[in-house]
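Only one structure is covered here, and it is reproduced in the block below.
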4 protein chains.
Amino acid sequence: MPFQINAELHYQVLQRSTVLLNIHALSTPNQTLSEEQFSITPGVSWEEFPLETGANRYIRLDTGDAAQLDITYSVMADTKVTMVSHEELHDVSVAQIRRSALPYLFPSRYCQSDRLGRFATKEFGYIPHPYDQAVAICDWIFNNIDYLSGSTDTGTSAFDTLTQRSGVCRDFAHLGIALCRALSIPARYFTGYACFMQPPDFHACFEACIGNRWFIFDPTRLAALNGLVRIATGRDAADSAVATIFGSMQMTGMSVSCVSNDFTPLGAADLAGHAILIEP
Amino acid sequence: MPFQINAELHYQVLQRSTVLLNIHALSTPNQTLSEEQFSITPGVSWEEFPLETGANRYIRLDTGDAAQLDITYSVMADTKVTMVSHEELHDVSVAQIRRSALPYLFPSRYCQSDRLGRFATKEFGYIPHPYDQAVAICDWIFNNIDYLSGSTDTGTSAFDTLTQRSGVCRDFAHLGIALCRALSIPARYFTGYACFMQPPDFHACFEACIGNRWFIFDPTRLAALNGLVRIATGRDAADSAVATIFGSMQMTGMSVSCVSNDFTPLGAADLAGHAILIEP
Amino acid sequence: MPFQINAELHYQVLQRSTVLLNIHALSTPNQTLSEEQFSITPGVSWEEFPLETGANRYIRLDTGDAAQLDITYSVMADTKVTMVSHEELHDVSVAQIRRSALPYLFPSRYCQSDRLGRFATKEFGYIPHPYDQAVAICDWIFNNIDYLSGSTDTGTSAFDTLTQRSGVCRDFAHLGIALCRALSIPARYFTGYACFMQPPDFHACFEACIGNRWFIFDPTRLAALNGLVRIATGRDAADSAVATIFGSMQMTGMSVSCVSNDFTPLGAADLAGHAILIEP
Amino acid sequence: MPFQINAELHYQVLQRSTVLLNIHALSTPNQTLSEEQFSITPGVSWEEFPLETGANRYIRLDTGDAAQLDITYSVMADTKVTMVSHEELHDVSVAQIRRSALPYLFPSRYCQSDRLGRFATKEFGYIPHPYDQAVAICDWIFNNIDYLSGSTDTGTSAFDTLTQRSGVCRDFAHLGIALCRALSIPARYFTGYACFMQPPDFHACFEACIGNRWFIFDPTRLAALNGLVRIATGRDAADSAVATIFGSMQMTGMSVSCVSNDFTPLGAADLAGHAILIEP
């Protein structure tokens with residue numbers, strides 16, 4: 001399914017700054033890019049590279065003397081999702097989890113799974129299959145956490161959200177990840193574009209590793225699981241922030257759009273009995 | 001300098017468990033291993049591999065039906081440290097920091113550098129050179145935090161330690177790392193063996209990336225900087241715990257020793273005007 | 001019902017200390033005392049007085065030069081409880097709550113009700129009557145928090161307990177209080193003796209003000225509600241600690257007993273449809 | 001010194017609410033009131049009374065059916081301060097502290113003195129006299145915490161402020177109180193009007209009990225100590241909030257003024273060697 005993505009970020013530069021950006025779509029076997037364009041205020045130097053904290057395409061830029069920073073990005077991303085029926089989902093013990101997934105069992109800045117073990121076990125431990133645990137976690141988050149813009153900030157972690165019971169997509173994802181890890185299910189942060197999401201914005205959700213495959217989950221229920229375009233994965237938002245600023249800048253404007261001509265969102269009926277793989 | 005290392009870990013297995021161990025010394029250009037021996041309760045299966053969270057040699061083992069787990073490790077490690085005079089230390093801006101060091105600028109589970117920016121800037125921001133900032137951070141920690149066994153636990157983070165003012169080597173390292181990152185100095189957790197340290201135990205300190213080289217710092221002042229043998233580096237203890245247990249086991253005994261026939265610890269006089277590199 | 005109470009506290013005095021004790025039973029219209037005896041290491045000066053933080057009989061003592069502090073207390077306390085049928089329980093809005101109960105709506109050290117509003121409303125807000133809310137809170141705590149000695153310390157608060165899901169009677173009481181207050185039900189900490197409780201110890205539970213009367217609740221279910229002898233009430237354990245020490249002392253021994261010749265604990269069947277008042 | 005005070009609060013009432021207000025000046029031997037006027041949207045019922053949580057004049061009002069709530073208050077307050085020379089300041093041990101001050105040694109919602117003991121002792125423990133400790137605490141706060149509107153919220157406590165290093169008058173007061181208590185100096189929250197303070201607003205600072213008298217301290221240095229008019233004292237802002245709302249209202253406007261015809265603020269030179277008492 002091809003998605004047309006456009007993103008713009010505008011900043012006033014208060015002092016010379018270095019910025020790490022995560023806005024480029026990834027190129028993967030299941031996500032093909034075309035017509036990619038990235039432009040930036042003239043005179044600002046930049047480079048692109050991946051970091052080993054997950055899958056990503058970091059842009060590092062140096063504002064130099066620019067007083068204003070204008071970034072535009074557009075791409076056509078063609079993605080493929082795979083539906084896997086529940087019967088094909090296996091349970092794999094920690095002893096058999098693939099090595100590359102093990103770091104996603106460890107607690108991280110915003111996902112203090114080490115402190116949520118008792119809660120996770122009480123609430124979800126009785127469920128026999130890890131896939132059903134992840135689904136129950138997402139249902140629990142959707143039913144117990146209010147989606148409320150402005151109720152949290154960049155310091156908010158899963159530990160806070162569990163008690164305060166409100167947040168945005170980032171917080172929902174962090175809580176989902178922390179609870180999965182607390183049950184020994186590897187889980188990682190997913191940031192990307194979401195087709196026709198309202199209001200349009202960068203989106204965050206998560207992937208859980210079940211039977212050694214990474215399935216996608218969105219506890220906000222704001223995005224169609226077949227309408228996601230991956231920007232990056234990481235342990236949590238610390239690895240995958242849209243923009244990490246070293247210096248001083250103020251955002252003056254932002255717009256994001258992700259549209260498609262012939263997109264049919266997968267609904268509950270389509271999903272019944274199926275899990276969704278974005279990776280091949 | 002050759003160091004003879006012996007470590008033993010003994011556990012009672014309360015239920016079948018999978019364990020990730022970080023007790024093997026690393027083999028690096030400046031750290032040569034010989035006579036390495038690793039033995040484990042017969043019948044317990046294990047494998048060794050690195051994880052991409054840093055430099056490490058993870059052991060994953062599955063206790064199977066064993067009721068008790070006995071692990072012994074010994075190795076002869078020959079290390080070389082490099083003393084770099086202060087005049088040769090360069091300051092490199094975030095725009096020029098080598099890519100592999102960038103993840104060590106991000107906050108992590110135990111090092112919430114995002115919440116310590118104001119403190120770090122007030123206390124150390126006036127110091128012009130990042131190396132002197134890192135030294136000042138270590139001095140500050142040594143002078144302001146009590147080394148007190150049992151005053152913290154595995155949930156304690158740099159944010160807590162800064163207020164509670166007590167901890168062990170792990171907490172000292174986490175606070176040093178968090179404060180460096182808050183000043184845009186990449187910093188990573190170092191876990192290893194320390195020659196003649198009293199009492200003998202696994203040790204933790206940290207490395208800071210200054211002028212794109214990783215220098216070693218120990219805010220506890222318990223270990224000689226030329227007597228360290230590296231087990232692993234990572235973002236913090238979440239990546240590099242001696243043992244991460246999935247299941248249920250109880251430690252029944254532990255011993256660690258790291259000795260040398262002809263070791264002369266570097267003292268303050270030797271170090272005056274020099275920073276210490278363990279990596280080449 | 002007459003209860004025979006004996007308590008002993010033994011300390012080694014490491015440096016001259018002042019101690020505030022809360023171990024004396026209160027004398028109230030429904031709690032009559034006789035044969036009260038309080039003895040303390042000879043030469044230690046002390047005085048008794050109430051503080052306005054609740055109902056209490058504080059002892060302030062100064063160890064002077066004593067190297068050891070031995071405290072024994074015994075009393076016969078005759079109490080009366082009142083069972084009130086559910087039909088007689090009224091709901092009173094904040095506008096009508098009696099003035100003396102209003103401070104028990106405010107957050108306190110261990111009961112951060114201001115941060116639990118969303119959780120409390122989601123979990124218990126749908127229940128129409130405040131008495132049923134308080135019962136549901138106690139049931140929830142009993143079912144979701146593990147009673148686990150040693151899992152918490154004197155710094156643990158309701159906010160922590162809600163996430164970590166373990167604690168002792170003090171933590172159970174703090175969480176009950178915080179959740180009641182978050183629903184605009186005044187709630188206060190109750191500390192006392194509990195007849196035949198196993199293991200014998202000082203006990204903590206809480207009272208909630210419903211229809212302008214203070215009903216007793218014990219989310220631990222460890223004590224019979226008609227077997228409680230009140231020592232103190234306060235906003236939380238900060239007001240009503242058994243011993244608050246200024247100086248340095250180490251406990252070397254403690255014993256508590258509360259027995260009765262003809263005590264029949266009220267059981268679930270007796271309580272069906274009734275709330276319990278200890279105050280007249 | 002007579003001060004003319006005017007305060008206005010305007011709210012939109014989103015649902016019927018009960019409000020506890022703390023905006024009335026106290027009448028005390030050293031603070032005489034005249035020409036007091038309090039008016040409120042017609043039809044809104046209210047009552048005035050003190051609570052035992054400190055000194056205060058609470059207003060409880062019930063919005064009833066009002067869609068808007070307009071509150072105006074004005075008073076002429078004549079206050080007297082007493083300057084006490086340092087030689088007259090005594091040090092009184094906990095054993096001799098007057099009973100009414102003891103509750104102000106306990107930790108409270110926003111002043112977790114129990115967790116700051118090690119920090120307070122390290123930073124201020126070497127100072128022999130408690131008055132000088134309180135002065136050093138205020139200097140430390142002024143020099144180390146940024147006064148920054150909007151950097152904190154009503155959930156922020158002294159524990160947070162100590163690490164995050166920014167706040168407003170309320171946070172400065174909470175930290176001052178917590179550090180005093182951690183050194184066994186009773187300390188209480190003071191809320192009031194401050195003559196010619198810029199920008200005009202309700203103000204918060206604190207009183208510390210030294211030699212059994214309550215001296216005033218303002219770590220923000222924003223208010224002249226002889227220009228304060230007391231509204232309330234309490235353990236912290238939980239006791240003394242300007243407005244505590246049960247229901248749902250949104251503030252639409254507020255103004256505060258406190259002026260005087262012939263006010264000469266006490267400056268550093270006047271204060272040299274003197275402490276300020278507001279209570280008789």
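Per chain, numbering begins at 1; letters A, B, ... match sequence-line order. Bear in mind that the values here come from a model prediction, so they are computed numbers and not experimental data.
- With a threshold of 4.5 angstrom between heavy atoms, D236(C) does not approach chain D through any atom at all.
- Heavy atoms of R99(C) lying under 4.5 Å from chain D belong to its backbone as well as its side chain.
- Of the inter-residue distances, the one linking E52(D) atom CD with E52(C) atom CD reads 4.5 Å to the nearest 0.5 angstrom.
- In this structure, Y110(C) OH and Q112(D) CD are separated by 9.5 Å, a value rounded to the nearest 0.5 Å.
- Your options are D114(D), T154(D), T244(D), and the one with the most heavy-atom pairs under 4.5 Å with chain C is D114(D).
- With a threshold of 4.5 angstrom between heavy atoms, L105(D) approaches chain C through side-chain atoms but not through N, CA, C or O.
- Atom-to-atom distance recorded for R16(C):CZ and S93(D):OG is 7.0 Å, nearest 0.5 angstrom.
- The salt bridge (Lys or Arg N to Asp or Glu O under 4.0 Å) search around R57(D) returns E36(D), E48(D), not counting sequence neighbours.
- Heavy atoms of T53(C) lying under 4.5 Å from chain D belong to its backbone as well as its side chain.
- Atom OG of residue S157(C) and atom CZ of residue R115(D) lie 8.0 Å apart, to the nearest 0.5 angstrom.
- The side-chain hydrogen bond (donor to acceptor under 3.5 Å, both in side chains) pairs that include a residue from residues 120-135 of chain D are D146(B)-K122(D), where partners are two or more places apart or lie in different chains.
- The number of heavy atoms from other shown groups lying within 6.0 Å of CG (D153(C)) is above 12.
- Nearest heavy-atom pair across A238(D) and P107(C) is CB-O, 3.5 Å.
- Heavy atoms of L183(C) lying under 4.5 Å from chain D are absent altogether.
- Of the listed residues (G234(D), P103(D), S100(D), A241(D)), the one with the most heavy-atom contacts under 4.5 Å to chain C is P103(D).
- Annotation: side chain of R235(D) is not in contact with side chain of R109(C) (no heavy-atom distance under 4.5 Å).
- Looking only at heavy-atom pairs under 4.5 Å with chain D, the residue among D62(C), V94(C), L20(C) that has the most is V94(C).
- When atom types are taken as modelled, the side chain of R60(C) and the backbone of I97(D) share a donor-acceptor pair closer than 3.5 angstrom.
- Taken to the nearest 0.5 Å, the CG atom of L102(C) stands 7.0 Å off from the CZ atom of F246(D).
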